[in-house]
Amino acid sequence: MKHLTDPVFPEGFLWGASSSAWQVEGGVAEGGRVPSVIDENSKTKKPFADDSITADHFHHYKEDVALMKQCGFTSYRFALAWPRIMSAPHTVNPQGIAFYDDLINELVDAGITPIVTLYHYDLPMWAYDMGGWGTREIIDEFDFYVRTCFEHYGDRVKYWLALNEQNMQIIYGEHLGVARGVRDWFKDKWHINHIMNMCHCHAVIACHDMVPGGKIGPVPGYVPIYPATGNPQDQIAAMNAEELTEKVWNDFDVFREYNTFIQKYWRENDIDPGIMDGDMEYAKDAKIDFIAVNCYRSDMGKQPVPGINRDLKFAHMGTRGEMVYSNYEGIYALDRNPYVERTDWDWHIDPVSMRYALRYMWDHYHLPMVITEAGFGAHEDLGPDGQIHDPYRIDYLRDYIYNVGLAIEDGVEVFGFNPWSFTDLLSTGNGMAKRYGLVFVNTTDDDVRDLRRVPKDSYYWYSKLIKSNGREWGKDMTEWRDFTKQFPRASDAD
Ligand code: BG6
């Protein structure tokens with residue numbers, strides 16, 4: 001079948017970008033914000049900066065929204081900070097409420113639809129001291145917090161996201177601060193996961209109770225996993241990896257049940273996930289409306305090596321990153337894919353993974369989707385002309401967005417694209433050194449500088465594309481339809 005035209009994006013498609021509170025705001029001791037676990041966690045990431053200043057969006061939000069408007073944004077995905085809104089158990093901070101009121105008003109006045117995450121890794125320290133994600137008391141606190149948000153912002157915010165990348169928080173709990181203070185992470189993470197699931201359910205139910213016309217969904221961090229070879233055992237390993245890194249979460253969010261794979265896994269490993277009477281009945285009413293997909297890259301699954309049990313690590317080597325791939329005896333291993341390029345930080349660049357992710361999720365769950373993250377992390381600084389020329393990011397975004405278009409053409413329902421990130425902001429593990437923004441922020445890990453905003457070349461390219469609703473690519477994109485020319489193995493190119 002020959003396609004002669006580029007894919008068509010639906011009218012009203014939400015074009016924007018993405019951020020999270022602790023990664024972009026700074027101002028951690030201002031406006032009544034109380035300390036968070038993530039403040040401590042980010043301090044341990046030296047030689048990189050912590051979250052105390054980052055892009056200083058707390059003081060620059062008006063300027064940032066003006067730049068979004070100028071770019072042509074119709075959406076902005078950002079997070080509310082629990083420690084800014086709730087200063088203590090069941091205690092609302094009016095200054096925190098006012099800050100987000102102003103930000104939301106600024107967005108709405110600019111014609112930008114807010115897509116709001118309720119939780120993106122910044123657990124208040126007071127909640128951690130209560131027992132954090134390991135105690136069921138947090139469910140009630142979270143319920144109070146989300147109801148506060150719905151009450152204050154539900155008139156203007158209709159798209160809500162519950163917990164950012166719960167799957168990644170459970171898989172990489174130590175890196176993201178969830179595992180702090182937990183003794184046996186291998187077993188206890190499933191107990192924590194169930195508590196998070198109940199929090200997710202409370203958010204879904206409260207949103208539907210309180211927000212007229214409100215829609216809410218989860219935000220999986222989706223990394224498609226391809227089998228390394230045609231060896232049938234590699235296929236099963238890839239499926240096992242898929243289960244234990246994403247499907248268990250997606251199945252729960254959509255079907256509100258634990259799938260049979262994870263039940264067998266818990267039995268075999270003598271794990272009690274801590275399900276209490278009434279939990280599963282409660283979950284039944286937590287019917288999500290859509291799925292927000294974060295997809296940056298793919299991985300490759302293969303038969304594991306016996307005798308090794310190792311988690312995936314994002315190791316930092318000087319100015320570069322290097323992935324150390326996981327290996328779980330008898331279950332699966334992940335590996336580098338020789339068919340795709342990699343960023344400076346060793347993340348696979350794989351635009352087809354976006355089409356794959358959308359097709360896979362649609363086939364399994366049949367729910368509308370919005371892209372809430374994808375992006376290219378790079379080392380960058382102002383050039384002699386005072387600008388940032390980032391053709392690699394333009395290529396990345398163009399190819400990923402085109403593949404969203406192909407997925408739409410394949411029949412998948414997608415209603416928006418919000419790459420990571422609008423401005424440069426703090427990376428989860430690599431400070432300001434790893435930049436994702438469409439807009440450069442003039443600050444570094446060891447020198448705050450003047451925090452000036454400088455739109456990168458990708459900002460201007462993205463602006464043209466989104467103002468034309470996905471028609472102005474600036475390049476012939478039809479190569480994406482040619483199956484015979486793509487992806488030579490890195491070794492074949494030598
Ligand atoms: C996503 C997270 O998984 O990846 C973001 O939701 C994060 O918070 C992004 O910043 C990129 O990861 P990193 O480690 O490069 O910052």
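Order of listing sets the numbers, starting from 1, for every ligand and every atom in it. Everything numeric in this text was worked out from a predicted model, so none of it was measured.
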| Output field: ring centroids Tyr159/Phe415 closer than 6.0 Å | yes
| field | Ring-ring centroid check Tyr119 Trp133, cutoff 6.0 Å | value | yes
| Contact check: Trp347 vs ligand 1, nitrogen or oxygen atoms, below 3.5 angstrom | no
| task | Say whether Asn430, considering both its backbone and side-chain N or O atoms, lies within less than 3.5 Å of an N or O atom on ligand 1. | result | no
| request: Report, in ascending order of atom number, the atoms of ligand 1 lying under 4.0 Å from any heavy atom of Lys434. | output: 13 (P), 15 (O)
| query | What are the atoms of ligand 1, with element, lying closer than 4.0 Å to any heavy atom of Ser427? | reply | 13 (P), 14 (O), 15 (O), 16 (O)
| Selected option - heavy-atom contact closest to atom 6 (O) of ligand 1, from Gln23, Arg297, Glu373, Gln169 | Glu373
| message | What I want to find out is whether Arg33 reaches Asp122 closely enough, with some N-O distance under 4.0 Å, to be called a salt bridge. | response | no
| task | Take atom CD of Glu30 as the centre, draw a 6.0 Å sphere, and report whether it contains more than 12 heavy atoms from other residues, nucleotides or ligands. | result | yes
| query | Is a donor on one side and an acceptor on the other found under 3.5 Å between the side chain of Ser463 and the backbone of Cys71? | reply | yes
| task | Verify, without hydrogens or angle tests, whether Arg453 (side chain) and Leu451 (backbone) share a donor-acceptor contact under 3.5 angstrom. | result | yes
What is the closest protein heavy atom to [atom], and at what distance does it sit?
| atom | answer |
| --- | --- |
| atom 9 (C) of ligand 1 | Tyr296 OH, 3.1 Å |
| atom 14 (O) of ligand 1 | Thr428 OG1, 2.5 Å |
| atom 11 (C) of ligand 1 | Tyr436 OH, 3.4 Å |
| atom 3 (O) of ligand 1 | Glu165 OE1, 2.6 Å |

| Does the side chain of Gln166 come within less than 4.5 Å of Asn197's, by heavy atoms? | yes
| With side chains defined as the heavy atoms from C-beta onward, is the minimum distance between Ser20 and Trp420 less than 4.5 Å? | yes
| field | Structural part of Asn164 in contact with ligand 1, heavy atom criterion under 4.0 angstrom | value | side chain
| Between Met168 and ligand 1, which residue portion shows a heavy-atom distance shorter than 4.0 Å: side chain, backbone, both, or neither? | neither
| Looking at ligand 1, does Trp345 have a heavy atom less than 4.0 Å from it? | no
